[in-house]
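See structure below.
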Amino acid sequence: MDAHDFLRWAGDDRVTGNLRWPAFTSEEEALTFIRDVCLPHPWRRSICIDDRSIGFISIFPETGDNRFKAHIGYGLSHEYWGKGITTRAVSVAVSQVFNDLPHVLRLQAFVQTQNKASQRVVEKIGFQKECLLRKYTYLKGQIYDVFVYSLLSSDLLPLP
């Protein structure tokens, strides 16, 4: 992953506003994040166009008795919003996750109620909206309500 390409979208508050990490301001910060977070991550993929990173998808598998569950997170460069790229990338990733991590039966997304675009992404892929968790997540100084979405491995058709 090229730090310059990463910084183009990871340095944009519009992209990082719904993410747990801040917008990066230098290539040095970007390189450190790539080295310390991205590379050792158990399941993280870059969304690329023309060999340039324009976003990411991360799967956060749980452990122990909850190892059958995993969380999904993603982000995409603002210039590519509204073009179906996130939906396509997440759809491909979801199928791959259930193959790569066969013990994962449930993939879940916690989506802030104001993030309508992300709600549309997971709904198009087939995630089911399960509930509203009020005042559930703390992000960048504020507490938000979130919708819980899930997709079970049994909800998908098997890959050929």
Side-chain angles (χ1 to χ4, degrees), residues 1 3 6-47 53-91 93-94 97-98 101 103-153 155:
M1 178 185 302
F6 176 81
L7 189 59
R8 284 180 54 142
W9 58 267
D12 185 341
D13 286 325
R14 294 170 294 189
V15 176
T16 61
N18 290 314
L19 303 176
R20 296 219 171 267
W21 30 280
F24 295 103
T25 58
S26 71
E27 285 195 24
E28 182 178 332
E29 285 179 341
L31 281 170
T32 299
F33 186 79
I34 291 167
R35 183 192 69 223
D36 296 346
V37 176
C38 300
L39 294 177
H41 198 283
W43 204 102
R44 186 179 186 100
R45 303 295 185 269
S46 199
I47 302 170
S53 174
I54 62 164
F56 78 98
I57 301 170
S58 289
I59 303 299
F60 303 90
E62 293 196 18
T63 59
D65 289 344
N66 286 320
R67 67 187 300 262
F68 67 94
K69 295 186 282 190
H71 300 263
I72 187 168
Y74 47 86
L76 186 74
S77 176
H78 181 261
E79 67 185 285
Y80 294 98
W81 287 4
K83 299 177 192 252
I85 293 169
T86 304
T87 302
R88 175 71 179 130
V90 172
S91 179
V94 162
V97 164
F98 286 125
L101 307 172
H103 60 280
V104 172
L105 305 177
R106 174 188 170 90
L107 193 55
Q108 48 196 18
F110 287 67
V111 182
Q112 294 171 19
T113 55
Q114 76 277 11
N115 189 345
K116 305 296 186 202
S118 195
Q119 291 169 43
R120 283 191 302 275
V121 166
V122 294
E123 288 169 0
K124 285 180 190 175
I125 293 166
F127 279 72
Q128 301 297 309
K129 185 188 284 186
E130 294 184 334
C131 67
L132 168 68
L133 298 176
R134 299 181 315 147
K135 303 294 182 218
Y136 184 78
T137 192
Y138 179 83
L139 182 67
K140 299 180 179 162
Q142 294 190 2
I143 299 174
Y144 294 96
D145 297 345
V146 296
F147 289 121
V148 178
Y149 287 87
S150 71
L151 185 71
L152 305 181
S153 58
D155 293 339

P61 side chain reached by L101 side chain, heavy atoms, under 4.5 Å: yes
OH/Y136: more than 12 non-hydrogen atoms of other groups inside 6.0 Å: no
Validation row: Q112, D145 side chains within 4.5 angstrom (heavy atoms): no
Any side-chain heavy-atom pair of W81 and T86 under 4.5 Å: no
Minimum heavy-atom distance S26-E29, with the two atoms named: OG-N, 3.0 Å
Straight-line distance of S58 OG to R44 CZ, nearest 0.5 Å: 3.5 Å
Residues D155, F127; criterion side-chain contact (heavy atoms from CB on, under 4.5 Å); working and verdict: CA-CA 9 Å; D155 293 339; F127 279 72; over 6 Å; no
Neighbour count above 12 (heavy atom, 6.0 Å) for D65 CG: no
Spatial distance of atom CD1 (I34) from atom OG (S53) [nearest 0.5 Å]: 7.5 Å
Validation row: Y74, V121 side chains within 4.5 angstrom (heavy atoms): yes
Value rounded to 0.5 Å, distance of CD1 in I143 from NZ in K135: 7.5 Å
Residues K124, V90; criterion side-chain contact (heavy atoms from CB on, under 4.5 Å); working and verdict: CA-CA 10 Å; K124 285 180 190 175; V90 172; over 6 Å; no
Closest non-hydrogen atom pair between G73 and F60, with its separation: N-CE1, 4.3 Å
Distance, nearest 0.5 Å, that separates CD of Q119 from CD of Q114: 8.5 Å
Aromatic ring pairing W9/F56, orientation class (parallel under 30°, perpendicular over 60°, tilted between): parallel
Side chains of K140 and T16 in contact at under 4.5 Å (non-hydrogen atoms): yes
Residues R106, E62; criterion side-chain contact (heavy atoms from CB on, under 4.5 Å); working and verdict: CA-CA 10 Å; R106 174 188 170 90; E62 293 196 18; over 6 Å; no
For A93 against I57, the heavy-atom pair lying closest together: CB-CD1, 3.7 Å
Gap separating the OH atom of Y149 from the CD atom of E130, nearest 0.5 angstrom: 11.0 Å
Side-chain donor/acceptor of S91 to backbone N/O of T87, under 3.5 Å: no
Nearest atoms (heavy-atom pairs only) where S77 meets V15: CA-CG2, 4.0 Å
Side chains of E79 and I54 in contact at under 4.5 Å (non-hydrogen atoms): no
Worked verdict on I47 versus Y80 for side-chain contact (heavy atoms from CB on, under 4.5 Å): CA-CA 11 Å; I47 302 170; Y80 294 98; over 6 Å; no
Minimal non-hydrogen separation, F24 against A30, with atom names: CD2-N, 4.5 Å
Between CD1 on residue I125 and CD1 on residue I72, distance to nearest 0.5 Å: 6.5 Å
Check: F110 and L133 side chains under 4.5 Å, non-hydrogen atoms: yes
Heavy-atom pair of closest approach, residues Y144 and L139: CE1-O, 3.6 Å
